[in-house]
S.K.: 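Provided herewith is a single structure, encoded as structure tokens, for subsequent inquiry.
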Amino acid sequence: MAKVTMTVNGKSVSGDVEGRTLLSAFLREDLNLTGTHIGCDTSQCGACVVHVDGEAVKACTMFALEAEGAEVGTIEGQANADGSLNAIQQAFQDHHGLQCGFCTPGMVMSAAALLKENPKPSEAEIRHYLEGNICRCTGYHNIVKAILAASGQDVSAIAAE
Amino acid sequence: MYEFDLERPTRVEDAVKLLSDSVESQPLGGGQTLIPTLKQRLASPERLVSLTGIDSMKGVFTDRGGTLRIGGATTHAEVAAKAAYPGLSELAANIGDPAVRNRGTIGGSLANNDPAACYPAAVLALNATIGTNAREIAADDFFQGMFTTALEEGEIITNVTFPAVRTANYQKFLQPASRFALVGVFVAKHDDGVRVAVTGASNDGVFRWSAAEEALNGDFSPDAVAGLDVPDGDMISDLHGSGAYRAHLVKVLTGRAVAAA
Ligand SMILES: Cc1cc2nc3c(=O)[nH]c(=O)nc-3n(C[C@H](O)[C@H](O)[C@H](O)COP(=O)(O)OP(=O)(O)OC[C@H]3O[C@@H](n4cnc5c(N)ncnc54)[C@H](O)[C@@H]3O)c2cc1C
Ligand code: FES
Ligand code: FES
């Protein structure tokens, strides 16, 4: 066992982990932050996407010890300070961007990373960026709409399709 | 996963020492290939030596002559953002997905030598040199068949150097489920001739298509390759595409790369 310390959603946390402990397991099992979902556990689906030092990564494909000293952001840290949904989350609700909701934490975390580096992405750019996020309910159309809306863009063009 | 210790050295010498002592150890790059492998229990090292904490192995540097050097632990995302060099930043920007690109490294990709990986085609066509903690290895000597390279046990890729090139282009035909290349072709025009490297197609891993190189040396145009035969004997044949289909793609993608270069 080794001690690991990191900042998760603004709070400093530490724990004892094995070398093989995944970041996803540390978040879910040690910190009880179960919003980070495990869809595949084989690096394919993106349900486990979190931010490490501001970058989208698959928490199932990184060891907890590799996040030593890092700033980690999860879906639990996305809402506004007063507990209301942030712009991306609200847009997912408004545009019916989720059905069962299993992929949604990863979708929202990927969308947040995209909008940080590209505040007004085109529909094609959104689809390209979301290549690693799989939705079993196949609700991609409304997910793309939600992200366009969250970035302050007109969704009527894509909505008409 | 079986149990192992994870070490995060900050200097190449320390990593090399850890990799060469009596504990059975393996380097860890971005983990985008190795972690899934460990989960399947296809590897069982006693210790992983992470290379991503070694600052001297990270970064993208261009010199005035047009030579590009990339640290072995540099992520695909950083190459995509910073490599001012024909074909390479586009190649890196289309590997897998953003989360894979934020962790996966050029050194890990080359050491793994997956038969469908993108970087091996670039390194072979661009005649790059692979720098390790011990030596420099020419691209033509580095790739030795799928998942096999010239690397010795415990040897780590510290950097990759790409010589200046006149023009180059990479065409990837996406295998949408894996997000790897079903077939990928990298064409590079150097002062002393054209090099064409093909990934995703052959059971022997990445290879140079010499007939196309000869034809393009005479006439650097898509028409020059249109009439050539691609040897389809050792092409990969699987549920995603037959050998003949892949051979056809090799020709089409080579033409597209020449047109776009
Ligand atoms: C969903 C998905 C899609 C992908 N799509 C593509 C794609 O389109 N094209 C593509 O090319 N790749 C693709 N990949 C693979 C990706 O590029 C990996 O990042 C890469 O193959 C391995 O790099 P890594 O740094 O993650 O290495 P790791 O997984 O850490 O290591 C891989 C192997 O290399 C060794 N190693 C690592 N670093 C070094 C080093 N510096 N020196 C010596 N040995 C080292 C390790 O011991 C291990 O054997 C994809 C992966 C995933 C999960
Ligand atoms: S659970 Fe991590 S990518 Fe699917
Ligand atoms: S909403 Fe069900 S998996 Fe995406």
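Here is the naming used below: chain letters follow the sequence lines, and residue numbers restart at 1 for every chain.
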S.K.: For Lys120(A), look at atom NZ and say whether over 12 heavy atoms of other residues, nucleotides or ligands are found less than 6.0 Å away.
M.R.: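 It does: Lys120(A) NZ has more than 12 such atoms within range.
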
S.K.: NZ/Lys58(A) to CG/Asp97(B) distance, rounded to the nearest 0.5 angstrom?
M.R.: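 Answer for the NZ-CG pair, Lys58(A) versus Asp97(B), is 3.5 Å.
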
S.K.: Inspect the surroundings of NZ in Lys82(B) and state if more than 12 heavy atoms from other residues, nucleotides or ligands are less than 6.0 Å away.
M.R.: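 Not buried by this count: 12 neighbours or fewer within 6.0 Å.
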
S.K.: For Ala77(B), is it the side chain, the backbone, both or neither that has a heavy atom under 4.5 Å from a heavy atom of chain A?
M.R.: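 When you check distances to chain A, no heavy atom of Ala77(B) falls under 4.5 Å.
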
S.K.: Between Pro98(B), Gly31(B), Gly53(B), Pro36(B), who has the most heavy-atom pairs with chain A when the cutoff is under 4.5 Å?
M.R.: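 The residue among Pro98(B), Gly31(B), Gly53(B), Pro36(B) with the greatest pair count is Pro98(B).
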
S.K.: Does the pair Asn94(B) and His128(A) meet the rule for a side chain to side chain contact (heavy atoms under 4.5 Å, CB included), with working shown?
M.R.: CA-CA 9 Å; Asn94(B) 286 295; His128(A) 180 66; 3.2 Å; yes

S.K.: Answer yes or no: does atom CD of Glu13(B) have more than 12 heavy-atom neighbours from other residues, nucleotides or ligands under 6.0 Å?
M.R.: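 Yes, enclosed.
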
S.K.: Chain A heavy atoms under 4.5 Å from Ala81(B): which part of the residue, side chain, backbone, both or neither?
M.R.: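 For Ala81(B), there is no contact with chain A at all, as no heavy atom is under 4.5 Å.
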
S.K.: Nearest 0.5 Å please: distance from the CE atom of Met62(A) over to the CG atom of Asn102(B).
M.R.: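 Met62(A) atom CE to Asn102(B) atom CG measures 10.5 Å (nearest 0.5 Å).
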
S.K.: Please lay out, stage by stage, how Arg20(A) and Leu38(B) fare under the test side chain to side chain contact (heavy atoms under 4.5 Å, CB included).
M.R.: CA-CA 9 Å; Arg20(A) 62 181 169 178; Leu38(B) 291 165; over 6 Å; no

S.K.: Give the intermediate values and the outcome of side chain to side chain contact (heavy atoms under 4.5 Å, CB included) for residues Leu28(B) and Glu66(A).
M.R.: CA-CA 11 Å; Leu28(B) 171 68; Glu66(A) 293 182 283; 3.6 Å; yes

S.K.: For Leu22(A), which atoms come within 4.5 Å of any heavy atom of chain B: side chain, backbone, both, or neither?
M.R.: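 Just its side chain gets close to chain B.
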
S.K.: With a 4.5 Å cut-off on heavy-atom pairs, point out which of Ser110(A), Ala2(A), Cys60(A) contacts chain B the most.
M.R.: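 Maximum pair count with chain B is reached by Cys60(A).
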
S.K.: Under 4.5 Å heavy-atom distance to chain A, tell me which part of Leu34(B) shows up: side chain, backbone, both or neither.
M.R.: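 Neither part.
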
S.K.: Nearest 0.5 angstrom please: Arg179(B) CZ to Gln44(A) CD, how far?
M.R.: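 If I round to the nearest 0.5 Å, the distance is 6.0 Å.
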
S.K.: Show the nearest heavy-atom pair for residues Asp41(A) and Lys39(B), with the distance to one decimal.
M.R.: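 For Asp41(A) versus Lys39(B), the nearest heavy atoms are OD1-NZ, 2.7 Å.
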
S.K.: Can you tell which part of Arg101(B) gets under 4.5 Å to a heavy atom of chain A, answering side chain, backbone, both or neither?
M.R.: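 Contact with chain A involves the side chain of Arg101(B) alone.
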
S.K.: Rounded at 0.5 Å granularity, tell me how far CE in Met1(B) sits from CZ in Phe63(A).
M.R.: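 Output value for this atom pair is 5.0 Å.
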
S.K.: Does atom NE2 of His240(B) have more than 12 heavy-atom neighbours, drawn from other residues, nucleotides or ligands, at distances under 6.0 Å?
M.R.: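 More than 12 heavy atoms, drawn from other residues, nucleotides or ligands, come within 6.0 Å of this atom.
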
